[in-house]
Amino acid sequence: MNDLYLIGNGFDLAHGLETSYNHFLLWYLNSFLEQYRINNYPTQYEDDLLTVIRNDVRLNFSEYNSVSELFKGLKDNRYNLKAKHKFFQKIIENYRDFKWVDIEFEYFLALVEIYKGLEDKNLLRSDFHFSQVTPLNNCFNAIRTALIKYLQSIEVASERYNPIIEEVLLEKNGPRGNEKGEKLYVYFNYTNTLELYSHNFLPKSVVQIHGKLSDDSNPIIFGYGDEIHPYYEKIENLNSNEFLKNIKSFSYFKTNNYQRIMRFIEGNFNSFTVKILGHSCGLSDRILLNTIFEHQNCKAIKIYYYQKSETENDYFEKTQEISRHFKSTSKGEMRNKIVSFERCSPLVPFTK
């Protein structure tokens, strides 16, 4: 039996790298305020995403450790910080209020909101939508540029190598880890963390499906990929390419990465086990994950969960996320494929 590894951002986090959207957003806000300070605190200052207005005397502020702390400090010192687009404002508010953000998911919700507004006003066949979708796409692209800059600043040093993770990557195949077969590592991150273990496997066994930092031959894919969503078909039928600019399916055509995955899961009708290492299984990758999970050759889905504390883990939440990638007619198949908790294990054990 073959093994198909799905490796997501939790893999980077398990190596101590601050690569989540939450880390990025806090860095970006602090960086913006640092540039404001360097420009000597003008009455008004802006970049592609934010505007800050000073209503009183200039007061110094240092780097903040949380978004809530940052906004409190600005408010106390009579600074007014606003996003230039309501989409980015929503991203900031989600992080500030819920300590969680999924930029790609929020982007698609914003597209759907625009569609519904046009539908209500009977403007679906007009050019009016460009005045809303184009600014949204410009905002999304500005976030993408900032995210790439942030990730390029993170160093993946050799001392972050983890022998426990290496054991998971190299264990024998199948849900019980006792079989022989081929392996394909599908890496969803933009970073090069997986290269810490590259001496163990050939480059052809790794697919960096969403692109790689500073690699023009494998450009970054940042967008949304849920073609099963009930509003996706409606949006596609608008016959407006502006709505589809950041849909992942079209970006997959830039390389043969997607086809390599398909050849692996379909080749010679070989059965395979999916092994999930730090992947959120969120809806932004739904079309790809649905294709993999529901494939007739997929026999098992094994979760290497996140051990939050001595008594808490995210195994149960992960099964719920996986469930969303199975159509309603395939839920019974899903229950047969997900490996039970007692046969799964954490990617890395909890340490105090």
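Positions are given from 1, in the same order as the sequence printed here.
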Is it true that [Y] and [X] share a donor-acceptor pair across their side chains at a distance under 3.5 Å?
{"X": "Y185", "Y": "D3", "value": "no"}
{"X": "Q152", "Y": "S214", "value": "yes"}
{"X": "D47", "Y": "Q35", "value": "no"}
{"X": "K212", "Y": "N192", "value": "no"}

Parallel, tilted or perpendicular: which describes the rings of [X] and [Y], with under 30° parallel and over 60° perpendicular?
{"X": "F11", "Y": "Y187", "answer": "perpendicular"}
{"X": "F24", "Y": "Y28", "answer": "tilted"}
{"X": "Y161", "Y": "H199", "answer": "tilted"}
{"X": "Y224", "Y": "F108", "answer": "parallel"}

Check: With a distance cut-off below 6.0 Å to the six-membered ring centre and an angular limit of 45° from the axis, does R96 pair with F71 as a cation-pi contact?
Finding: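 Yes, a cation-pi geometry holds between R96 and F71.
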Item checked: Lys/Arg cation over aromatic Y231: K234, 6.0 Å, 45° cone ->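 Ring-cation test returns yes.
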Notebook entry, point to check: Taking all atoms of both residues into account, what is the closest heavy-atom pair of K318 and S280, and its distance?
Noted result: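 Shortest heavy-atom separation between K318 and S280 comes out as NZ-CA, 3.7 Å.
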Side chains of [X] and [Y]: closer than 4.5 Å at any heavy-atom pair?
{"X": "F341", "Y": "N313", "value": "yes"}
{"X": "I209", "Y": "D285", "value": "no"}
{"X": "I221", "Y": "N257", "value": "no"}
{"X": "Y21", "Y": "N9", "value": "no"}
{"X": "F293", "Y": "H325", "value": "yes"}
{"X": "S249", "Y": "I287", "value": "yes"}
{"X": "Y95", "Y": "L29", "value": "no"}

Same apolar cluster: [X] and [Y], side chain cutoff 4.5 Å:
{"X": "I303", "Y": "V186", "result": "yes"}
{"X": "I265", "Y": "M1", "result": "no"}
{"X": "F272", "Y": "I322", "result": "yes"}
{"X": "I154", "Y": "L13", "result": "no"}
{"X": "I338", "Y": "Y306", "result": "no"}

Centroid separation under 6.0 Å, is that true for the rings of [Y] and [X]?
{"X": "Y197", "Y": "H15", "answer": "yes"}
{"X": "F32", "Y": "Y45", "answer": "yes"}
{"X": "F140", "Y": "F222", "answer": "yes"}

Next item on the list: Have a look at D226 and tell me which of R324, R286, K248 forms a side-chain hydrogen bond (donor to acceptor under 3.5 Å, both in side chains) with it.
Entry: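 With D226 as partner, R324, R286, K248 yield a single side-chain hydrogen bond (donor to acceptor under 3.5 Å, both in side chains), made by R286.
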Taking atom [atom1] of [X] as the centre, report whether more than 12 heavy atoms of other residues, nucleotides or ligands fall under 6.0 Å from it.
{"X": "F350", "atom1": "CZ", "value": "yes"}
{"X": "R176", "atom1": "CZ", "value": "no"}
{"X": "N39", "atom1": "CG", "value": "yes"}
{"X": "E155", "atom1": "CD", "value": "no"}
{"X": "E69", "atom1": "CD", "value": "yes"}
{"X": "K204", "atom1": "NZ", "value": "no"}
{"X": "K308", "atom1": "NZ", "value": "yes"}
{"X": "Q320", "atom1": "CD", "value": "yes"}

Which distance, rounded to the nearest 0.5 Å, do you find between the [atom1] of [X] and the [atom2] of [Y]?
{"X": "C139", "Y": "I103", "atom1": "SG", "atom2": "CD1", "answer": "9.5 Å"}
{"X": "S20", "Y": "L25", "atom1": "OG", "atom2": "CG", "answer": "9.5 Å"}
{"X": "E119", "Y": "I235", "atom1": "CD", "atom2": "CD1", "answer": "10.5 Å"}
{"X": "L151", "Y": "E18", "atom1": "CG", "atom2": "CD", "answer": "12.0 Å"}
{"X": "Y115", "Y": "Q132", "atom1": "OH", "atom2": "CD", "answer": "14.0 Å"}
{"X": "R263", "Y": "I261", "atom1": "CZ", "atom2": "CD1", "answer": "10.5 Å"}

Note to self: Between K90 and E106, does any NZ, NE, NH1 or NH2 come within less than 4.0 Å of an OD or OE carboxylate oxygen?
What the structure shows: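 Salt bridge: no.
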